[in-house]
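On a predicted model such as this, the values are computed, not experimentally measured, just so you know. Values below: all heavy atoms of this structure, side chains included; hydrogens, waters and symmetry mates excluded. Counting starts at 1 for both ligands and their atoms, in listed order. Counting from 1, the numbers follow the sequence of the chain as shown.
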Amino acid sequence: MTNNNFRSLPAVHVILKIKAIHDLTLTLGQENVVSEIRLYLDELRNSLSKDNSPPLNTSPESIGLAVCNRLTLHFKPKLRKVINATGIVLHTNLGRSPMAEEAAKAAYLAASGYINLEVDIETGKRSSRQDSVREWICKLLKCQSATVVNNCAAATIIVLKSVAENKEVIISRGQLIEIGGSFRLPEIMKVSNAIMREVGSTNITRIKDYESAIGPNTGALIRVHTSNYKINGFTQSVTIEELIELGKKHNIPVIDDAGSGAVIPLNCKGFDEEPNPVTSISLGADLTLFSGDKLLGGPQAGIIAGKKEWVDKIESDPLMRAFRLDKMNLAALEQTLLLHLNSSTVSQKIPTLKMLSVSMDELHEKAIQLETKLKQIGLCDKVEAKISEGFAGGGTLPDQQMPTWVVDFSAPNLDTQSLSHKLRTAEPSLFTRIKEDKIVLDLRTLKTEEIDIVVHVILNSLKPI
Ligand SMILES: *Cc1c(COP(=O)(O)O)cnc(C)c1O
């Protein structure tokens, strides 16, 4: 309305002189800061032009503060640290497996400088990036050769294409699985140009079903681990052992998509029911494949191990260039594999294995610590440490409820959904479970040193402003 009001707005260059704003130009760049200031001034001008506009503080300091807050909010990184109190160890949406310190450090070194990714230091000649992990995988799985790609989905595609392009791949109807994020076996087969030959039924497949499907155009027999579901009741399936025997009899390659890659024996409920790639290899599978970031506890990767002739064929496929692992993941994977080679320390060194095998006593101790501290802040209702049931997650041990210790609580004057949202959007972000209208904090995925942070986040979210 009044031009006087407009004139009272400070100029952009005046606001740019405010220290906090000036500091932001150094990190975010002058351009971004200036355009945010302009936007804010436009909004102010708009408000002031309205007849009924309330009195606005148009001092440079006030405008500077508002612009600072906006810039900090707008340029907040989208990927942030999360505290995982869900108890789900392999939480795909939270990045699946956290890596061992050694692996994370190797990834950092690879990322921040140069490494001998594809050169032999001794000879100075070009080498394969696969050489950094091949030997370790072979040692661990006692296989002839191995290669790695971006993830197990990529591994499945390139293996099917290399072994059975334009040929039939015999698979049980009970194993035509979908793994989260549109990985569906029938579609993967199509992408690989393999011809899917389904046998058996959803709940029952016998070895003779496979045998009677074998013909002149059979390219492979495949076992796909039904990672994320279980059929209970009247069921029958063929063991990898039987399948390998059948493959040998008819001279047809056998592929084992083991998925989760439970390589070492672990003291954890149901772990021994996961397919073990070492066993598949020792029984004579041609190829076995599994993820790097499930039970191996490393970076995202798809590990392909088995007979050298197949691995060589896979590596010469043009898709390999598109699927190959990057230097950071390779460096992290190498360290993860090295940790696996020491069987007496691996379950303590790899966070995923440590969390899955932690004793109830240790969980109990942490739960009591958390319970005591939460009670001390005096802002939560019904704080209680108790035994509960959790899951491993990430398409592993799907029907294995694992006993765990949790602390649950609610808040006065705040419903559980809103509280959960408040904790999730806090700094750092805290992810929890909800059960029976209470917030559940599962100690399995919380490190001892995170307990104080959790208490701090809850305190900040509940304290009266
Ligand atoms: C998880 C899984 C995959 C996919 O692995 P990603 O590494 O997530 O791509 C494929 N097959 C099986 C059997 C799995 O369990």
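- In this structure, of Ile179, Val149, Leu90, the residue bringing a heavy atom nearest to atom 10 (C) of ligand 1 is Ile179.
- In this structure, a donor-acceptor pair under 3.5 Å is present between the side chains of Asp442 and Thr404.
- Taking the charged nitrogens against the carboxylate oxygens, Asp209 and Arg206 have no contact shorter than 4.0 Å, which rules out a salt bridge.
- Residue-ligand proximity, Ala153 to ligand 1, at heavy-atom distances under 4.0 Å covers atoms 4 (C), 5 (O), 6 (P), 9 (O).
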Residues 358-368, side-chain donor-acceptor partners within the protein, below 3.5 Å, at least two apart:
{"residue": "Ser359", "atom": "OG", "partner": "Glu362", "partner atom": "N", "Å": "3.1"}
{"residue": "Lys366", "atom": "NZ", "partner": "Leu443", "partner atom": "O", "Å": "3.2"}
{"residue": "Lys366", "atom": "NZ", "partner": "Leu446", "partner atom": "O", "Å": "2.6"}

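- Around atom 8 (O) of ligand 1, the closest heavy atom drawn from Arg96, Gln300, Lys294 belongs to Arg96.
- Between Asp293 and ligand 1, not a single N/O pair is under 3.5 Å apart.
- Backbone and side-chain nitrogen or oxygen atoms of Cys152 are examined, and one is located within less than 3.5 angstrom of a nitrogen or oxygen of ligand 1.
- Close approach to Gly259 involves these atoms of ligand 1, each under 4.0 Å from a residue heavy atom: 12 (C), 13 (C), 14 (C), 15 (O).
- Taking the charged nitrogens against the carboxylate oxygens, Asp120 and Lys125 have no contact shorter than 4.0 Å, which rules out a salt bridge.
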*salt bridge (charged side-chain N to carboxylate O under 4.0 Å, His left out) between Lys386 and Asp408: does it pass, once the steps are laid out?*
CA-CA 8 Å; Lys386 55 170 82 153; Asp408 62 5; 2.8 Å; yes

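- Distances between N or O atoms of Ser291 and those of ligand 1 include at least one value under 3.5 Å.
- Taking both residues in full, the closest heavy atoms of Lys308 and Gln144 are given as N-OE1, 2.7 Å, listed atom of the first, atom of the second, then distance.
- Interface of His225 with ligand 1, defined as ligand atoms under 4.0 Å from a residue heavy atom, comprises 13 (C).
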